[in-house]
A.B. asks: 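Below are the structure tokens for one structure; questions will follow.
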Amino acid sequence: LGLSDITAFPFVDSPDVRQVQDGIRLLEELQAFHIRKTKFGEKRELTPIGRQLAQLPIDPRLGRMVIEAAKNGSLHEVMMIVSALSIQDPRERPQEKQQASDEKHRRFADKDSDFLAFVNLWHYIQTQQKALSKNQFRKQCQKDYLNYLRVREWQDIYHQLRLSVREMGFPINTIEANYQQIHTALLAGLLSHIGLKDSEKMYYLGARNAQFFIFPTSALFKKQPKWIIASELVETTKLWARTVAKIEPEWVEPLAQHLVKRSYSEPHWAKSKGAVMAYEKVALYGIPIVQKRLVNYGSIDPTVSREIFIRSAMVEGEWLNNYKFFKENNRLIKEVEDLEHKSRRRDILVDEQVLFDFYDQRVGTEVVSSRHFDSWWKKASKADPELLNFEKSFLMNEGANKVSELDFPNFWYQGKLKLKLTYQFEIGSEADGVTVHIPLPLLNQVEPEGFDWQIPGLRHELVVSLIKSLPKAMRRNFVPAPNYADAFLGRAEPLAKPLLESLTYELRRMTGVTVETELWDYSQLPAHLKMTFRVVDEKGKKIAESSDLDALKFQLKDQVQSTLSNIADDGIEQSGLHLWSFADLPQCYEQKKQHFSVKAYPAIVDEQTAVGVKLFETEVEQTQAMQAGLRRLLLLNVPSPIKYLHEKLPNKAKLGLYFAPFGKVLELIDDCIACAVDKLIDEFGGFVWTEEKFREQQEFVRANLNDTTAEIALQVEKCLTLAFELNKRMKGKMDFTMAFALSDIKAQLAGLVYPNFVTQTGYQRLADLYRYLTAIDKRLDKLGTDTNTDRAKMLRVEQVQDAYKQLLAKLPKSKAIPTEVLEIRYMIEELRVSLFAQQIGTKYPISDKRILNTITEFK
């Protein structure tokens with residue numbers, strides 16, 4: 001170290017100077033000295049390791065291996081290796097006997113380390129020396145291609161080294177050291193001789209960008225590991241690594257703390273750790289020994305870490321804590337963000353930089369993580385508990401207070417229902433705009449009425465968009481649209497009537513122009529003006545959502561039914577009953593569930609051979625099920641009238657029943673009986689809901705069922721006989737000009753006489769049914785003489801039928817078809833009577849225009 005002054009002259013270009021500089025670098029690598037800064041400059045001083053190296057009679061690299069081996073308990077094995085590396089290799093490889101010598105030496109090889117070959121060889125020599133005489137041992141060495149003199153030299157150096165380490169007080173291990181202990185010690189002296197294999201180019205990257213290859217005689221030449229150390233690097237045709245061993249990269253860093261270069265990338269906030277983390281890369285002489293290790297960045301760069309902590313944890317809210325100020329601040333931010341979503345603006349909440357500056361000015365400079373904040377806040381909160389509290393006015397930009405929260409309610413009220421509203425301002429997303437949250441058990445109670453008006457805050461934009469959706473010729477009557485929207489909203493009473501009905505009425509009052517319903521084009525409305533309906537489970541998790549409430553109710557019908565059944569926890573639903581053995585039925589079943597009230601409608605249901613009790617979503621479904629269920633329960637408890645029919649019906653009537661174009665006669669008779677029971681239920685006063693009333697109704701049906709069934713059977717016989725005659729008339733060859741008319745008549749017949757038509761038609765309409773069939777008979781009489789007139793009348797009927805089909809297609813799928821709409825089907829039958837058999841007469845005044853007006857009312 002006294003020669004260090006030479007290095008002060010970097011321009012001296014001399015081999016001797018370079019050797020000194022190389023030596024100094026080697027001693028730095030081996031931790032033989034450290035540099036201490038003084039007021040006069042830098043001064044190199046020996047370390048404890050440097051002093052120990054000076055006492056060892058071997059090369060400094062090898063000495064460093066010995067010192068490290070003494071620490072980790074592998075000194076015995078390392079001294080064998082170091083002694084061997086101090087001399088020329090005792091293994092000989094004569095040119096003319098290379099194969100034979102290789103076979104002998106292969107006995108000592110280790111698949112992972114050439115160094116351990118020396119240990120194995122040492123143990124072999126020790127064994128042979130003990131077993132053989134001196135002369136025999138010399139001959140054995142010759143047979144094993146070992147140089148006897150070098151073996152003796154190896155042993156001498158080992159004994160000298162053993163004396164030195166004893167004098168220095170190093171403990172020599174008696175327990176055999178493992179692979180890692182030995183090679184960690186060797187690594188301490190060979191830090192500049194490590195190599196990382198390049199997987200593509202098949203060479204090893206060494207210190208200072210050196211590129212070398214494993215020497216062919218090495219045991220590791222064929223199966224080359226990813227990381228190695230070499231005792232020396234020799235340059236001939238290539239740079240070769242001799243005497244190599246496999247190592248693990250994690251062994252390197254602890255030994256090379258004074259040499260490694262560390263770099264850091266991607267500093268970021270780690271919510272789970274409550275600290276700023278970064279990825280560390282550790283390189284030794286340019287070799288990456290750690291590629292991407294996650295480390296705490298707070299102590300590495302406190303300034304950047306503090307900024308990331310404030311921005312990510314405090315401003316962006318990515319922080320797990322229980323601080324009251326933080327929860328309150330986030331609540332205020334959420335309120336302002338909700339107001340932005342509601343009003344569809346992005347300029348209400350202040351910029352994040354404003355929030356950052358707020359915290360930056362108040363939080364201590366030492367705070368770089370959650371742990372640091374805890375310590376700082378413990379003191380700071382005592383001085384000022386509200387130091388970090390926001391004011392709502394602070395969070396809102398100027399002019400933002402013009403947005404009224406009353407225009408953007410948090411709940412939608414429909415009758416007794418209170419439904420949560422949420423807002424989303426994300427153009428293109430499925431739920432952009434206003435979303436109504438509907439608990440699944442309440443879906444059957446929610447009606448579409450009122451939602452077409454939207455919330456007050458979007459109502460003006462909705463009306464403007466509707467006016468703009470009109471065809472241009474119509475739209476020019478309402479320009480400018482915003483002015484007409486203002487005028488409409490000033491006149492109309494929201495939610496009192498459907499929006500389009502009110503809008504059409506008020507525009508007509510203002511301009512005298514009537515807008516036809518079909519001209520309003522909802523498809524042109526922006527998505528956010530159509531409410532989204534989201535059905536949620538009991539935990540608030542989305543089940544399904546759509547802007548079409550009816551489609552949603554139809555899609556989830558089974559789930560709603562199942563939910564209602566599950567909620568009915570008092571055993572109201574039953575199955576397999578033959579008597580009224582259950583409690584009185586409420587016409588509406590209601591139960592409190594969490595924060596809402598669940599409604600369902602119980603009914604007796606038909607199970608063919610028995611009945612059950614089931615809850616339904618709507619009163620319409622309840623009525624339909626109750627009709628069939630109550631009928632079945634009565635039939636199970638009154639005698640069958642079949643025997644009576646057999647005795648009382650004339651043979652002609654019995655024969656007429658056989659004219660049914662479908663099924664079996666007994667099925668037809670059952671249909672007549674069912675129709676009779678329905679008639680008697682109506683005569684008694686309708687459905688019964690108590691066991692006492694059912695007993696009375698049962699006795700009433702028992703007394704009148706036989707005669708009523710016989711009466712119905714006679715009427716059915718007349719209808720079937722006439723239908724049979726009509727089908728008979730249409731068989732055989734017909735003129736081509738009559739084909740369309742006959743096709744229409746067959747379709748009409750199929751809609752009048754079909755399986756279970758008696759019950760479906762009902763007692764009150766059986767006489768009408770016969771009249772409709774008679775009208776067909778009259779039409780057939782005229783058809784042969786004037787097909788053109790028939791064709792013209794048929795086109796009028798088809799026009800009405802098409803309009804009726806369109807009406808049915810538009811009706812909500814989730815609901816049963818209203819009775820008033822079903823009546824239109826019979827209005828069309830009356831129209832046929834009026835057109836094709838006017839002489840028979842209709843039940844009431846009828847025309848195609850009357851029917852079309854009725855259809856328009858339901859649209």
Side-chain angles (χ1 to χ4, degrees), residues 441 444-445 557-593 597-645 666-667 669-709 712 756 758-760 762-763 816:
N444 65 315
Q445 300 179 51
K557 191 173 184 64
D558 292 340
Q559 285 182 251
V560 173
Q561 188 70 57
S562 176
T563 302
L564 294 176
S565 299
N566 292 335
I567 288 175
D569 52 9
D570 54 4
I572 190 170
E573 289 199 331
Q574 298 183 51
S575 181
L577 305 173
H578 296 85
L579 301 170
W580 190 298
S581 55
F582 44 90
D584 295 346
L585 283 181
Q587 290 181 256
C588 179
Y589 176 86
E590 191 168 352
Q591 187 182 62
K592 295 287 184 182
K593 192 73 176 178
S597 180
V598 178
K599 274 187 179 180
Y601 302 91
I604 302 170
V605 294
D606 182 5
E607 296 178 348
Q608 299 302 318
T609 58
V611 297
V613 177
K614 190 176 179 182
L615 294 175
F616 290 90
E617 298 177 52
T618 64
E619 291 178 273
V620 175
E621 291 175 315
Q622 177 194 43
T623 300
Q624 292 176 340
M626 189 69 175
Q627 184 72 49
L630 185 57
R631 179 201 306 144
R632 178 63 63 189
L633 188 57
L634 287 166
L635 288 173
L636 289 170
N637 290 275
V638 298
S640 173
I642 292 179
K643 185 177 180 181
Y644 179 83
L645 289 177
L666 285 177
E667 291 175 355
I669 293 174
D670 285 342
D671 194 16
C672 294
I673 296 170
C675 181
V677 174
D678 287 349
K679 175 181 181 293
L680 294 172
I681 288 174
D682 289 339
E683 288 182 0
F684 182 79
F687 301 152
V688 294
W689 303 93
T690 65
E691 184 177 3
E692 181 182 354
K693 278 290 181 183
F694 175 74
R695 298 299 175 204
E696 294 177 16
Q697 191 177 63
Q698 178 183 337
E699 290 306 316
F700 178 78
V701 172
R702 183 195 301 272
N704 297 284
L705 182 59
N706 289 345
D707 292 337
T708 305
T709 306
I712 290 173
N756 298 319
V758 184
T759 306
Q760 295 297 323
Y763 174 80

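Keep in mind the model is a prediction, meaning the values are calculated, not measured.
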A.B. asks: Output yes when a side-chain donor or acceptor of Asn704 lies under 3.5 Å from a complementary backbone atom of Phe700, and no otherwise.
C.D. replies: yes

A.B. asks: Please find the pair of heavy atoms, one from Pro602 and one from Leu615, that lie closest to each other, and give the distance.
C.D. replies: CB-CD2, 3.7 Å

A.B. asks: If we ignore hydrogens and angles and just use 3.5 Å, is the side chain of Glu617 paired with the main-chain N or O of Ala600 as donor and acceptor?
C.D. replies: no

A.B. asks: Which heavy-atom pair separates Thr759 from Cys675 by the least distance, and what is that distance?
C.D. replies: OG1-N, 3.8 Å

A.B. asks: State the CG-NZ distance between Asn444 and Lys599, to the nearest 0.5 angstrom.
C.D. replies: 9.5 Å

A.B. asks: May I ask you to check whether Thr618 and Glu621 show a side-chain donor-acceptor distance below 3.5 Å?
C.D. replies: yes

A.B. asks: Taking NZ, NE, NH1 and NH2 as the nitrogens, is one of them in Asp606 or Arg631 under 4.0 Å from a carboxylate oxygen of the other?
C.D. replies: no

A.B. asks: From Leu577 CG over to Glu607 CD, what is the distance, rounded to the nearest 0.5 angstrom?
C.D. replies: 7.0 Å

A.B. asks: Salt-bridged, Glu692 to Arg695, with N to O below 4.0 Å?
C.D. replies: no

A.B. asks: First locate atom CG of Leu680, then atom CZ of Arg702, and finally report the distance between them rounded to the nearest 0.5 Å.
C.D. replies: 13.0 Å

A.B. asks: Which heavy atom of Asp584 sits nearest a heavy atom of Thr690, and at what distance?
C.D. replies: OD1-CA, 3.4 Å

A.B. asks: Do you know the tightest heavy-atom contact between Phe582 and Ile604?
C.D. replies: CZ-CD1, 4.0 Å

A.B. asks: Donor-acceptor check, side chain of Glu691 to backbone of Ala583, threshold 3.5 angstrom: yes or no?
C.D. replies: no

A.B. asks: Within the side chain of Arg632, is there an N or O that forms a donor-acceptor pair under 3.5 Å with the backbone of Gln608?
C.D. replies: yes

A.B. asks: Show the nearest heavy-atom pair for residues Asn706 and Pro641, with the distance to one decimal.
C.D. replies: OD1-CB, 3.0 Å

A.B. asks: Measure the CD-SG distance between Glu619 and Cys588 for me, rounded to the nearest 0.5 Å.
C.D. replies: 7.0 Å

A.B. asks: Once rounded to the nearest 0.5 Å, what's the spacing between atom CG of Leu630 and atom CG of Leu635?
C.D. replies: 9.5 Å

A.B. asks: For Tyr644 and Asp707, test the side chains for any donor-to-acceptor distance below 3.5 angstrom and give the result as yes or no.
C.D. replies: yes

A.B. asks: Looking at every heavy atom in both Val605 and Ala625, which two are closest together, and how far apart are they?
C.D. replies: CG1-CB, 4.0 Å

A.B. asks: Closer than 3.5 angstrom, by distance alone: can the side chain of Asn637 be matched with the main-chain N or O of His578 as a donor-acceptor pair?
C.D. replies: yes

